[in-house]
Amino acid sequence: MDTFIFIFLAVLTIGSGLGMVLNRNTVNSALFLVLNMVSIAGIYLLLQAQFLALIQILVYAGAIMVLFLFVIMLLNLDDERSLFSKVRAKYISAFFLGVVTLSLILYSLEGVADLLPEISPEMETAGTVEALGDVLYTDYLFAFEMTAILLTAAVVGALMIAQYKKSNNGASE
Amino acid sequence: MIEIDWYLALSAVLFTIGLVGVLIRRNAIVIFMCVELMLNAVNLTLISFSSYHGDVTGQILVFFSLAVAAAEAVIGLAIILAIFRNNLSVDITKVNLLRW
């Protein structure tokens with residue numbers, strides 16, 4: 001049963017990833033990415049990481065993708081006319097590089113196949129909110145607080161970059 | 001249960017899709033979404049190792065990487081908005097102020 005669910009989710013993930021890259025409409029690309037995030041959350045559930053599956057849907061498919069869609073619709077972009085334009089060499093070399101990267105990763109995976117871990121008996125309990133919170137609020141408390149500062153700094157920085165400066169652009173716009 | 005190899009192979013395929021997307025697309029927002037896809041592929045690797053070892057530390061790392069991804073998305077989209085305001089386009093071939 002697990003195998004069928006995994007194959008279904010893997011096909012959904014790869015298909016929506018390809019759909020995102022190959023779609024000319026930016027809004028459709030973003031919606032394909034939402035589908036991709038949700039199916040990756042399903043794979044996290046298969047791996048018994050319940051908390052991170054929840055966070056994946058809330059943060060990625062919820063917050064970040066809403067931000068993306070908001071910006072796309074704010075900018076009101078046209079579709080790209082043709083995905084594969086005149087410059088052929090760029091696409092051929094990109095495809096070649098992709099094949100090389102994939103085969104390199106899979107080859108190195110094959111090389112360490114004996115060292116990969118088997119299923120551990122603690123897998124059931126490792127991904128629960130309780131287990132994560134236990135470690136997060138004791139061993140990694142300082143890093144957790146730093147994350148809060150990082151997010152605050154990011155919001156302030158984004159405001160500084162994106163705000164409309166009337167004094168500079170008032171004459172030209 | 002499924003062997004861990006399949007999760008790692010899926011993650012490799014997703015990473016490659018993101019990489020090729022970054023290389024072939026010209027729309028800055030789509031390039032940004034491809035970077036998010038690559039981040040997700042690496043998160044999948046971390047979670048599969050963490051689950052198969054029964055060790056929660058890998059999932060903590062994914063938690064922090066999610067926070068960094070959120071911060072990165074906010075800053076990146078602000079930069080894209082600023083570029084759009086100057087160029088009226090998010091086509092990266094038209095952003096050539098610093099190009100030699």
Side-chain angles (χ1 to χ4, degrees), chain A residues 2-3 6 10 13-14 17-18 20-21 26 29-30 33 36-37 40 43-44 47-49 52 55 59 63-64 67-68 71-72 75 77 80 90-91 94-95 97-98 101-102 105-106 109 113 116-117 119-123 126-127 131-132 135-136 140 143 147 150-151 154-155 157-158 161-162, chain B residues 1-10 12-21 23-27 29-30 32-34 36-37 40 43-44 47-57 59-60 62-64 66-75 77-82 84-85 90:
Chain A
D2 269 4
T3 318
F6 175 76
T13 312
I14 293 171
L18 284 175
M20 183 197 79
V21 170
T26 319
S29 283
L33 189 57
N36 190 297
M37 301 294 178
I40 288 181
I43 293 174
Y44 289 175
L47 284 163
Q48 309 281 351
L52 284 169
I55 290 290
V59 173
I64 294 183
L67 195 65
F68 268 98
V71 169
I72 291 167
L75 299 185
L77 302 168
E80 286 181 43
K90 183 181 158 191
Y91 298 105
F95 180 74
L97 197 65
T101 312
L102 184 62
I105 298 174
L106 291 180
L109 207 61
L116 292 178
I119 302 157
S120 115
E122 290 111 61
M123 183 171 168
L132 248 98
V135 180
L136 191 63
Y140 296 93
T147 310
L150 173 76
L151 286 172
V155 170
I161 295 169
Chain B
M1 285 297 290
I2 312 145
E3 292 287 305
I4 190 174
D5 310 38
W6 293 102
Y7 291 107
L8 299 180
L10 174 65
V13 171
L14 282 179
F15 188 86
T16 313
I17 291 174
L19 179 75
V20 172
L23 289 174
I24 67 171
R25 294 304 298 256
R26 281 174 297 160
N27 187 331
I29 294 178
V30 180
F32 209 54
M33 291 197 286
C34 291
E36 298 285 335
L37 186 63
N40 260 295
N43 283 352
L44 180 58
I47 289 190
S48 48
F49 270 115
S50 160
S51 284
Y52 275 72
H53 277 298
D55 185 351
V56 86
T57 316
Q59 300 191 13
I60 300 279
V62 172
F63 181 83
F64 289 131
L66 271 169
V68 172
E72 174 228 323
V74 170
I75 294 288
L77 286 171
I79 291 173
I80 289 174
L81 263 178
F84 183 80
R85 199 175 288 148
V90 290

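Chain A is the first sequence line, chain B the second, and so forth, proteins listed ahead of strands; every chain is numbered from 1. The analysis underlying the following values was restricted to heavy atoms, covering all of them including side chains, and did not include hydrogens, waters or symmetry mates.
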Would you give the length of the straight line joining atom [atom1] of [X] to atom [atom2] of [Y], rounded to the nearest 0.5 angstrom?
X: S29(A); Y: I72(A); atom1: OG; atom2: CD1; answer: 7.5 Å
X: N40(B); Y: L44(B); atom1: CG; atom2: CG; answer: 8.5 Å
X: I64(A); Y: M37(A); atom1: CD1; atom2: CE; answer: 7.0 Å
X: I161(A); Y: R85(B); atom1: CD1; atom2: CZ; answer: 11.0 Å
X: E3(B); Y: L8(B); atom1: CD; atom2: CG; answer: 10.5 Å
X: Y44(A); Y: I55(A); atom1: OH; atom2: CD1; answer: 11.5 Å

For [X], is it the side chain, the backbone, both, or neither that has a heavy atom closer than 4.5 Å to a heavy atom of chain B?
X: I14(A); value: both
X: T147(A); value: side chain
X: L18(A); value: both
X: L52(A); value: side chain
X: L75(A); value: both
X: I40(A); value: side chain
X: L67(A); value: both
X: D2(A); value: both
X: A143(A); value: both
X: L109(A); value: side chain

Atom group of [X] that falls short of 4.5 Å from chain A, counting heavy atoms:
X: Y52(B); result: both
X: T16(B); result: side chain
X: L19(B); result: side chain
X: E72(B); result: neither
X: F63(B); result: both
X: L14(B); result: side chain
X: I4(B); result: side chain

What residue in [options] has the most heavy-atom pairs under 4.5 Å with chain A?
options: A69(B), S51(B), G21(B); value: S51(B)
options: V20(B), V62(B), I29(B); value: I29(B)
options: I79(B), L81(B), I60(B); value: I60(B)
options: S48(B), G54(B), G18(B); value: G54(B)
options: V74(B), L23(B), I47(B); value: I47(B)

F68(A) and F32(B) aromatic ring geometry - parallel, tilted or perpendicular at 30°/60° bounds: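 If you compare the ring of F32(B) with that of F68(A), the planes turn out tilted.
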Worked verdict on L10(B) versus F6(A) for side chain to side chain contact (heavy atoms under 4.5 Å, CB included): CA-CA 10 Å; L10(B) 174 65; F6(A) 175 76; 4.2 Å; yes
Working for side chain to side chain contact (heavy atoms under 4.5 Å, CB included), residues Y7(B) and F49(B): CA-CA 9 Å; Y7(B) 291 107; F49(B) 270 115; over 6 Å; no
Compare all side-chain heavy atoms of [X] with those of [Y] and state whether any distance is below 4.5 angstrom.
X: L37(B); Y: M20(A); value: yes
X: T57(B); Y: S50(B); value: no
X: K90(A); Y: R26(B); value: yes

Best-contacting candidate, A63(A), A49(A), A154(A), A30(A), against chain B by heavy atom pairs under 4.5 angstrom: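 Looking at each of A63(A), A49(A), A154(A), A30(A) in turn, A154(A) comes out on top.
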Among the listed options L132(A), V155(A), I43(A), L151(A), the residue most often paired with chain B at heavy-atom distances under 4.5 Å: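 Maximum pair count with chain B is reached by L132(A).
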